[in-house]
Structure formats: structure tokens, C-alpha cells
Amino acid sequence: MGEPLYPFSEIEQTVQKRWKAENAFHVTRAPELPKYYCLEMFPYPSGRIHMGHVRNYSIGDAIARYKRMCGFNVLHPMGWDAFGLPAENAAIVRGIHPADWTESNISHMKDQLQKLGLSYDWDREVATCHPDYYRWNQWFFLKLLDKGLAYRKEALLNWCESCATVLANEQVEDGLCWRCGSVVILRTMDQWFLRITDYAEDLANSLETLEGWPERVRTMQANWIAPSKGALIDFKIERSGEPALQTDSLTVFTTRPDTLFGVTFLTIAPEHPLLESLIEHSPEKSSAQAFIEKTLRARTHQSREEPEKEGVFSGVFLRHPLTEERLPLWIGNFVVASYGTGVVMGVPAHDQRDFEFAQKYRLPVRQVIVPPGQDPTPPLDSAITEDGVLINSGLFSGLSGEEARLTITAHLEKAGLGRPKKTYRLRDWGISRQRYWGTPIPVIHCPSCGIVPVPEGDLPVLLPRDIHFTGKGGSPLADHPAFRSVPCPSCGGTGRRETDTMDTFIDSSWYFLRFAGIEDSPRDRPFSSEALSYWLPVDQYIGGVEHAILHLLYARFFTRVLFDLGLSPVREPFRTLLTQGMVLKDGSKMSKSKGNVVDPDLLISEYGADTVRLFTLFSAPPDKDLSWDDKAVEGAYRFLGRIHSRIESLIEEFPDAARAGTNAWRETLSPEAREIRTKIHETILKVTNDLENNAQMNTAIASLMELLNTLSQFQGNATREDSDSRQWILVSGYRTLLLLLSPFAPHLADHLGRRLGMERIAHLSWPVPDERALVKTLVPFVIQVNGKLRATLSFPPDAPEAVVVLGAREDERLVRALSGQTILKTIFVPGKILNFVVRPSQ
RNA sequence: GCGAGAGUGGCGAAAUGGCAGACGCACCAGACUUAGGAUCUGGCGGGGUAACCCGUGGGGGUUCAAGUCCCCCCUCUCGCACCA
């Protein structure tokens, strides 16, 4: 590496020092000013920033800076999603306390972000692992508990015996524990859940109001929530003298109550909570148990393949609610326990899965629906899933489709045998984690009082610092006697503190409210409501698509809950969403294992932050994947270097450039200078439109490069221009260029701005194109024959058809193209195109 | 299987139905240089001496005019995946 093209390192350090000294990007609410809340997803402090962060924050910063120059009061905060498992792993592997590891990562990453020159209001910085943040997680949890939105229930979890810990699905590899390699089993445990399904309907319906969100993300969320309308139907359990069960019927969920008379069996999920007691006295108990065990073991394998449908007869019989027919209950591996009721009615004639199952186990098939234009056609060779007219369905025969579904459901409801029901693919949100580095769940288990919430005044429940990591797994907090053992707030007896901590998705479900609401440093509330109602909603949210479902759904849910609690001024937190593409290298995602990571620090020291930012914005539209190309970065670097050297030589030629006035309109300019002025104003228009429409920064930057090329060329030519006009056009051109560049390469723009007489460019006004400059005297007209280009000729933009036709017919190429042709008609688009439609004459 | 998105030079990409390939990378030539992996200037889809012809995954269609709109097909990426 030889001489840098321009002294970026000194420039960037000087400019950053000045921003810091001025606290340049600090904001407070100002009701008289329009606000703009620009937010990028805050990072997990893993240790170092990566190119994905650089891209995310470069996009966000360009938007924030642009809006600031447009006159908005811009809130642009940054913080740390600081709880999570990696900190605990570091503690185990390297013996560093999670808190120390996290703090040191934060401090290093903050340095890195500051080196990029991002215009954050650092006064609002939050870290979710600090008690003054996570205490509000606990406070919200108590509110949710109070509202019945937090509850406890048994859930099936992946459990590793040897680590004595719960594993997330992605930590189970091929049925084995990712850490120790032993077999993972499914185990039921009491877990805390949040009732997100109470909001499912609203979360799904409101998606269509989110016009500023990518269609893709809305579809993903809709598919994830997936409302489904149907009915619950009860089937009585047949008894033969054995002891009473907890319940005397099993309930199924179906979207097709119209097929009720086609039921020939029922199927239950192997992990259904009632199954064990159901088969207790079954003659088939041992084969049933063997099947259940085998299936549950297979469940932990995260195989992508859909396993073959298998099942076994449970030995139990049920009664059809309307016909009283005796129906066998089968256990099936294809039944999803957590959806609907975990029991489905088997209608082989009208459901493909049931059909395959019935074929395999020779269960009867009974057709009860005849689609329009068809005859009953037993035996079937596949299920008939379309709607049709009911047959063999008692008094409902003859009804069709939707009519039958409503009538049968109503009939069942009247008889107390069923009811309409809407279910969702979305499940309630399990938030318990058997981990240390998270928010303690603020409840106490008391042997006499049950579950007792920690009184609000006792918050926060602090994470104890003196924690012992065995590396064996299990919740470290459960091994901490002083934390665990606590008097019951209600009876004073000995209680056991909840030792599970919260899912870290809770932390990120409301941080955007905290950033805004931290403004008046509220002590007894999570945020200042005045500040919230000024700043919310987030106007522009930017982050990776990988958060399209979970984070964004949880944040929408949480915001609704807080709205209902009177704490949030909005129900929807994010007005517009930009999901940026991945940063790829050599065709695949950057990762340590592939050895294709690009280190932002290295790039910054080699080219400077401005180049790194500019290239990431220039090389692809923000929402598409970006292929990193070490060579192509040089293009961005050369562009900035050229701006620097051009402006320096301009100052050499005109030492008074900084004091030159360029705002007044000039009538007297050479045609050449006029054209350049037009180009300047066209560039303003182009960059502004590109930023307003979908943040198309790649094309905005391309047009800045065009402007530089134009100015450069003019500057390099010894023109006949008089010196005063020459200075005027060049200075106004470069000033505009710097203003337009400043969201993308803020350091260089600030530095060169000063050289040309503009102080604090980040706070100057965004330029507005002058209509007078956009008027052109001549524009190229495309002359076509039968739609094929034959010439381009210059005319005034408002030239009438006759003039253009006349001019065209004089053109040598047109004369050739039209000879021997009869003109049928001409198509004329003013200012643009003339097309002769011709046919050979005779 | 279902849903969404995308296929354009050697590469990243650009084009309100109106000149396909702006801008950048790579490459080629020239200038300046003791030197060039620096910088500057110019060229750069394919074919053809040229006039011209061909060209946006493939095939049809609408139109004076299609990368863009409509129909069918192929390929790739992403999301969901036995959801009753």
C-alpha cells in the first residue's frame, strides 16, 4: 500500500472529533418540528462488527442524514441486545464472567461503530443486560401476568440428560446434543408462555395496513400466523368398566365439518397429554407404548424429509357424535400435537393423508361428498378434497360445501357436541430459558401460596454476579442457593425463586420504545409518555430478513399489549420496513468456517470509512444481496479520491472559492455552462427521487459519479469561459455534489465542504432543484422506422410533429430507410420519439 | 407440495411500455513516467469492411413500439412444510 489517494485517515479522525465535541447528533423532542425516527436493528455484542452490520448501519445512517438535511428532527439511536447464550459459553470456555465479556465486547464494537462515523445520538444508548433495562422486562411481565397474558403450562422440550439442560430446536443435530453428542429426549416441563394467540387475529388482519412493509415479509407473517376457520367436535370415549378418566370425550379440530359422516376412525398425536391414561387399560397397551416411544425418538431428528405415515391401533373406541357409530382411535405419527387439539378425525374419502393412512392399515373409506358434475365413484384411488354435495349424511344429505359446514356446526353446537372455532398455526410464545444470562422471571414458588409474583417495589430481581459455571449445563441460577431460596412475599414462608430467565426476544420487543422514551430519564416508568407520543412510530426500520418473522412478530405483539396497557401511543411500531440483503463473498454467505469473511476494521484502515460505506451502498440495491468484491471497492475509493483532488485543484485555480457566492441565479452563461447547470440540477432531482423511492442508493450514487465526470471534464478543458463564470459553475457544482454526497460519505463531504465555504454540512439544507435549470433547449428525439432506431436528432423539447417529421426526412439515414416505402402512419411522442410505420410500396 | 421473489455483457448492476446495458469492476489501447499493480485520456454485448443484422432463461401473444404487459414452460433463491 503506497500513498493514499487522499488523506482519509486524518480527515475522518478530525471530523469525528468535531462531531463528538459538538455532540452533533444529539436530539430532543421539538413539537414544532416534524420528526423522523430512523432505526436499525441493534446488534448482539458478539465481539466484533461484521459486514452485515456495516451494511445495515450504512443504509440507516444515509437515511437518517438525508432526513436531517431535509429538515426533520431525526431520532437515530443505537444500543445493544446484550443478553444471550454466547456470553455463557465464553464464560465456560474462557472463564470470563458473562457481564465482563459482554461489556468489553460492547466497548470494542462501539469504537468500531464510531469509526464508521454513524450519526447516532449516543446519549440514548441502552444495553439490555443492565438492570435499569431488564427491570422493565420484569415489570411488563408482572403486568402480563396480571392480565392473564402470561401463564404456565407443560410443554414438550428437547432435553439432554448428560448436560441436564433444555435445548433449542437448532441445538439438536440429527437427534443428538450439539455440545456433548448424547441422545436428546423429549421431556415435558412447566414453562412460562405469553398468550400471543390472543392477538393472532389482529396481528394477521393488520398486516394489510402495513403498506410500508415489503410484501414478502407480510406474506411470511401471514403464513406463520395462518388463521384457519373450522369447528371443534367431541367424540365420546367408550368405556368398559375401567376407572374413570379425566375426561369422557376427545375433541377434534376440523376445517371440514361437512365431511363428518365420512369419519371412519380417529387419530391422536403420540405426545398427546391424555394418551397415557387412555391406553392404561387397553388390550393394545404394549404395542401402543412401543409405537409412542419409537415415534417420539424419531421426532427429535430434525430430518427435512417427511417421514412415512405410520400408526398403531390404541385399543380405544370412540362414538360418532351423530351416528353413535363405534370408531377406532389410532395413534399416528403425522398428527401434530400442538396444533388444533392434537386429535383429528379420519375421513379417508376426503383427506389425502387420511386416505393414505386408511389404505395402509385397511381402514374403511366412506364417500360423503360428490363434487359438481361427478358421480359417486367408489372405490376411490385418491381423496376427493373439493367441495360438493353431501351424500350418506343423514338429514344433511343434499347440502353443499359452506352451507353444510355451517349447518352441521350449528346442529352440533345446539346438541352440545361441538362449536365453531378459529385456530392458528401460531403458537403461544414460550419464554422460559434454563440459562443464566437473561432477565430473571420475577415470580416465587411458595409451597403454600403457589406462584407468587415478586412485588413491584422489589424489582428489579437482580442477576447475582457470583455465579458458578460448571460447563455441565443446567440452569446456573438453580445452583445458587442465596438466589434460589427466598421468603414468600405473601405468607413469609420459605419459597423458591423462579430460576428460569426470559427469552431474549423479550428484550428486543420494546427497545425502540425505550430509545424514544428514555428522554426525560423517567425513574418509575419505562418511558416518558410525552416523548413516546412525539417520536413513535418508528418511521423507518432497517434490518435483515432473518428477523422477518420472529422478532418483528414479537415486537408487534408486545407493542399491542403495551398499547392496551396505556403505555404505548401506537399499536403498530414500524411504519416502513426495509429488509436489507445479505453480504456475500464468492457466492456464499460470509462465515468463519468458509474462511471468506471480510474484516471491516482492515478495510477501514486501508480505504477509510467513507469508502467502505459508499461501496456497500453503491454495489447493489439495499434489499438485494450484495456480493463483496475486493477489487470493486477500489472504484468507490477512486471516486472519493477524485473528488478530493478535483476540489483541491479547483481551490488552487480559484483561491477564493470558499467565499464565492453561488446561490444567485445567473442569466448569462455559455451554452456549455448552461448544460452543466442542468446536469447539476438533474442530479439533485435524481438523488432525491432515488432516496425517496425505496432508498435506491446504488443509482443515487451512480448519478453522483456522473456529475463528477461532467464537472471533471469541464474543469479539465481550457474553455473559452470567462473566469468568473467558470468559477461560479464549478463551485456551485462541487458544493452541490458534496451536499448530495454527505449522507453516504459524510467525513469527506464535511471536510471538503469546509474547504468550499460550507460549515457543518451534515446540518445544512438538502438542495432543491431549480425548475429554470431543468428546462432544456434541445433534447434528442429518437427517429424510428417500424420501431427500429434509425437516427437520433436534436429538437427543442416542445417541437411539433411537423417540424420533427420535416427534420427527419432530411436526414440521410432516414432517406435511405424510407426509400421505396409507403408511410402508413407516424407515431409521435412529444419530446421523445417519432416512429414511421411503413410498408414496401408495391 | 404450497407461498413469495428473481433470471439482462466476463462480473456487480441500470432502464414512467419509447435509443437495452447508465454507473462501477475487470479487460484493451494511448499519455505521463527510470518504473507502474499509481494517475489521466479513450475504447469495451455478439456478428459484419460496411450498409446493416442479432441480442434481456425458452416458446407463444398484445402493441406503431416489449427487459417491461398477458398466457404456457424451464431454472435458481428464500420462506413454510403432514396445520386436519
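Every chain is numbered from 1 and lettered A, B, ... according to where its sequence line falls, protein lines coming before strand lines.
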Rounding to an integer number of angstrom, what distance separates rC74(B) and rG59(B) when you compare their P atoms?
15 Å
Looking at Arg816(A), I'd like to know whether one of its side-chain N or O atoms comes within less than 4.0 Å of OP1 or OP2 on rC52(B).
yes
In whole Å, measure the gap between the C1' atoms of rG12(B) and rU16(B) for me.
25 Å
RNA chain B: 5'-proximal contact among Thr792(A) and Val545(A) (nearest heavy atom)
Thr792(A)
Rounded P spacing from rA51(B) to rU62(B) in Å:
33 Å
Could you tell me how far rC44(B) sits from rC25(B) if I compare only their C1' atoms? Round to whole Å.
13 Å
Does a distance-only test, which skips hydrogens and angles, find a donor-acceptor pair under 3.5 Å between the side chain of Asn835(A) and the base of rC64(B)?
yes
P-based separation of rG24(B) from rG42(B) [nearest Å]
11 Å
Ring geometry between Tyr607(A) and Tyr637(A) (parallel below 30°, tilted from 30 to 60°, perpendicular above 60°)
perpendicular
In whole Å, what is the span from the NZ atom of Lys422(A) to the P atom of rC83(B)?
19 Å
Hey, could you give me the CG/CG distance between Leu704(A) and Leu740(A), rounded to the nearest 0.5 Å?
5.5 Å
Under 3.5 Å for both donor-acceptor distances, Watson-Crick or wobble: does rG17(B) have a partner, and if so which one?
none
Base of rC82(B) paired with side chain of Lys309(A) (donor-acceptor, under 3.5 Å):
yes
Got a salt bridge between Asp629(A) and Lys585(A), using NZ or NE/NH1/NH2 to carboxylate O under 4.0 Å?
no
If the P atom of rG45(B) is compared with that of rC40(B), how far apart are they to the nearest Å?
22 Å
Atom C1', compared across rU34(B) and rG43(B): separation rounded to whole Å:
29 Å
Would you indicate what Gln784(A) reaches in the nucleic acid, counting non-hydrogen atoms under 4.0 angstrom: base, sugar-phosphate, or nothing?
base
Taking only N and O in the side chain of Lys631(A), is any of them less than 4.0 Å away from OP1 or OP2 of rA26(B)?
yes
Hey, are Asp387(A) and Arg256(A) close enough for a salt bridge, meaning a charged N less than 4.0 Å from a carboxylate O?
yes
When you match Leu5(A) and Pro621(A) each to their closest nucleotide on RNA chain B, which lands nearer the 5' end?
Pro621(A)
Fit a plane to each ring of His551(A) and Phe505(A), take the angle between them on a 0 to 90° scale, and name the class: parallel (under 30°), tilted (30 to 60°) or perpendicular (over 60°).
parallel
Does a distance-only test, which skips hydrogens and angles, find a donor-acceptor pair under 3.5 Å between the side chain of Arg256(A) and the base of rA84(B)?
no
Is any side-chain N or O of Arg813(A) under 3.5 Å from a base N or O of rC52(B), one able to act as donor and the other as acceptor?
no
Euclidean distance for P, rG5(B) against rC82(B) (whole angstrom):
24 Å
Is any side-chain N or O of Lys624(A) under 3.5 Å from a base N or O of rU77(B), one able to act as donor and the other as acceptor?
no
